[in-house]
Amino acid sequence: MGFKTGDFKTREEYYADLRAMRPNVFKNGRFISDLVTDPDTKGLIENEATTYDLLQDPRNDDVLKAKSTLSGDAVVRWHTLMTCPEDLMYNGRVKKLHFHKVGTCAAGTCTGWNCFNVLWSVTSEIDGQYGTDYHKRLENWLRDVEHKDYKIAGALTDAKGDRSKKASQQTSPDYSVHVSEIRGDGIVVNGAKVMIAHAAACHEIICIPGTAYREDEKEYVVAFAVPRDIEGLTLVQTDVAERKQGWDEIRYGDQSSYLLFENCFIPRERVFMCGEWSHSGTGIGRFTANYRAAIGSCMSGQGDVMIGAGVLMARANGLSANVFKEKFVDMALINDLVYGLGLGAMLAGEKHPSGVFYADPTLAHANKCYVAKFYAELRRLCQDIGGGIAETGCFPDYRDCTHPEMGPKIMKYVQANPAVSAETRARAARLTEWFARGGGTLAFVHGGGSPDGARMVVRANTPLEYYAQCAADIAGITEKVEDPAPAGKGK
Ligand SMILES: Cc1cc2nc3c(=O)[nH]c(=O)nc-3n(C[C@H](O)[C@H](O)[C@H](O)COP(=O)(O)OP(=O)(O)OC[C@H]3O[C@@H](n4cnc5c(N)ncnc54)[C@H](O)[C@@H]3O)c2cc1C
């Protein structure tokens, strides 16, 4: 279908949206009045604003725009329901495109998208069981936002508190977002959700339960969508090691928020789950399947740019990129592994009767394990190629490099290859350093959940007995081969 560029939000309109919001984002001791220009948040906003620039370029239409299955209208892709493997693949391609342009996370087009796709099936199942109208509420919400080109954050990981205890056993119920009051016109929630990627840069936040809850933990089973600036919600920004000046500064930032809900009233039409405990585990299972299938697109998107940074560093150092070709191949192999395994998980997924499609959980969790493990190797190779200047903060600050008297003396030694300027070498080194120990260092270990959880799913879904039988049949073994009796229980 054809898309009219003018129909989609621009960077300036996005800025206006942010400026019209209540200032509920807290960092460095104050509430930020203008997220767009404040030095503490402008990198984050620049990152998310880039999507709106990309929307204006028709070359990105295939990836960033799609036909809504609800209205039939052309909408931004991250507001659509994913109904087939190809739709899931586009989820990955949106991320990869974004990473190629800004080198870091695209959460405003990621977690919220995934959350409402999960709720689409879960609400239909709950309504089928209890006669509730959650699904219709969700549809109405989606029909409304799909024309607004919003950024939507997704929050599902609870603050948790003591990891050895359940939500109901914590010293305070606030360690997980919970319902404190159910009223005719809505609910009141309290508690925190932490580390929510890019929430401050978003228009809306969708919260869904972060784990499987029991019957006596019903108050923690809650799903809803809220405007980011709703009364009763404060966002506390995380700190990210960023350099702030000249070529020391990378334009694009990555930041998470602590979401603090304090007597926050959510109108009924924005509530999509409230107490249906037996459905909380289903939601998290579907969320992680889709998220972990697509996470390889994020990592490979960043890994591609790391290869690019390596090429620039090699040349600025005076070497041909060819010197490092085997290291580039190693990096490309990692990128292809996690991207391809994610695509496989999408292809092997299943359609839910409600119409949405979910990736295969086992392959998706396997992908998460590889992502968590190999990200460090990508960074190591990138730094290895770049040299110490890119690794350990081994060259002076922009301010000193541009000092009228000392600058020229310093820059003489920042330059290596006489055909490449010292500034270019400085910029490529800062980018490499940013990937390795700055704001570009992404949360590929814990983002989207811990790798241990992913291993548990792979372990549970690996049919050892069936595989042993296959092996026995091929080897011609007919006797039963069983585990030895546990120590102390034998004859
Ligand atoms: C940069 C970043 C961005 C994020 N963005 C989002 C977002 O947008 N939305 C969102 O919802 N979440 C987000 N998260 C949160 C993320 O999902 C969590 O970090 C993740 O679920 C891991 O939880 P945790 O950090 O509390 O680690 P923990 O759960 O404390 O895990 C630490 C270690 O302890 C182990 N462990 C934990 N509990 C137990 C136990 N009971 N027994 C044995 N071992 C245990 C784990 O396996 C792991 O090895 C983000 C995280 C990061 C780092």
Side-chain angles (χ1 to χ4, degrees), residues 43-44 47-48 78 95 98-99 104-119 151-170 175-177 191-202 204-212 220 222-226 228 235-242 253-259 261 280 283-292 294-295 298-299 302 364-365 368-369 371-373 375-376 435 437-459:
L44 171 68
N47 173 352
E48 290 290 349
W78 64 93
K95 292 166 189 243
H98 197 92
F99 268 82
T104 185
C105 175
T109 58
C110 164
T111 37
W113 184 11
N114 197 1
C115 282
F116 71 71
N117 270 274
V118 167
L119 284 172
K151 296 273 178 163
I152 307 172
L156 81 156
T157 306
D158 304 328
K160 295 180 186 165
D162 181 339
R163 273 35 176 189
S164 69
K165 294 190 168 64
K166 302 235 170 243
S168 54
Q169 298 166 335
Q170 300 292 332
Y175 282 111
S176 292
V177 172
K193 287 190 177 258
V194 302
M195 287 184 279
I196 305 308
H198 296 205
C202 290
E204 294 253 339
I205 302 169
I206 304 192
C207 291
I208 66 173
T211 189
Y220 300 101
V222 61
F224 55 84
V226 286
R228 191 267 282 154
L235 284 77
V236 180
Q237 292 306 95
T238 56
D239 189 34
V240 187
E242 294 285 13
D254 180 42
Q255 233 177 50
S256 304
S257 309
Y258 277 37
L259 308 183
F261 290 94
S280 51
I284 187 74
R286 290 175 189 156
F287 180 91
T288 48
N290 277 3
Y291 188 90
R292 292 171 178 188
I295 197 172
C298 304
M299 185 166 121
Q302 192 183 51
H365 288 282
K368 164 77 203 192
C369 292
V371 161
K373 188 169 181 174
Y375 185 57
F435 285 135
R437 65 180 197 108
T441 317
L442 276 176
F444 285 123
V445 178
H446 283 295
S450 302
D452 279 359
R455 287 184 72 87
M456 268 166 56
V457 178
V458 175
R459 192 181 309 124

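Atoms within a ligand are numbered from 1 in the order they appear, just like the ligands themselves. Scope of the values below: all heavy atoms of this structure, side chains included, with no hydrogens, waters or symmetry mates.
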Would you tell me which option among His446, Lys160, His198 has the nearest heavy-atom contact to atom 33 (C) of ligand 1? His446
Without swapping roles, check the side chain of Lys193 against the backbone of Ile208 for a donor-acceptor pair under 3.5 Å. yes
Looking at Asp452, which atoms of ligand 1 are within less than 4.0 Å of one of its heavy atoms? 47 (O), 49 (O)
Who are the side chain to side chain contact (heavy atoms under 4.5 Å, CB included) partners of Val445, not counting sequence neighbours? Pro451
Tell me which part of Ser256 gets within contact of ligand 1: side chain, backbone, both or neither, using heavy atoms under 4.0 Å. side chain
Could you check whether Tyr220 and Tyr175 have their ring centres less than 6.0 Å apart? no
Exercise: identify the closest heavy-atom pair between Ser280 and Thr211: CB-O, 3.5 Å
Check whether any side-chain N or O of Gln170 sits under 3.5 Å from a backbone N or O of Lys160 as a donor-acceptor pair, and report yes or no. yes
Residue portion contacting ligand 1 (non-hydrogen atoms closer than 4.0 Å) for Lys193: neither
State whether a side-chain donor-acceptor pair under 3.5 Å links Gln237 with Ser257. yes
For ligand 1, which atoms sit closer than 4.0 Å to a heavy atom of Leu156? 10 (C), 11 (O)
Under 3.5 Å between any N/O of Gly154 and any N/O of ligand 1: does that happen in this structure? yes
If you measure only the distance, is there a donor-acceptor pair under 3.5 Å linking the side chains of Gln302 and Tyr375? yes
Measuring from atom 7 (C) of ligand 1, which candidate in Ala155, Gly112, Cys115, Ala197 has the nearest non-hydrogen atom? Ala197
Check ligand 1 against Gly449 and write out every atom of the ligand that is under 4.0 Å from a heavy-atom position of the residue. 17 (O), 20 (C), 21 (O)
Option whose closest heavy atom lies nearest to atom 25 (O) of ligand 1, chosen from Met195, Lys165, Arg163: Met195
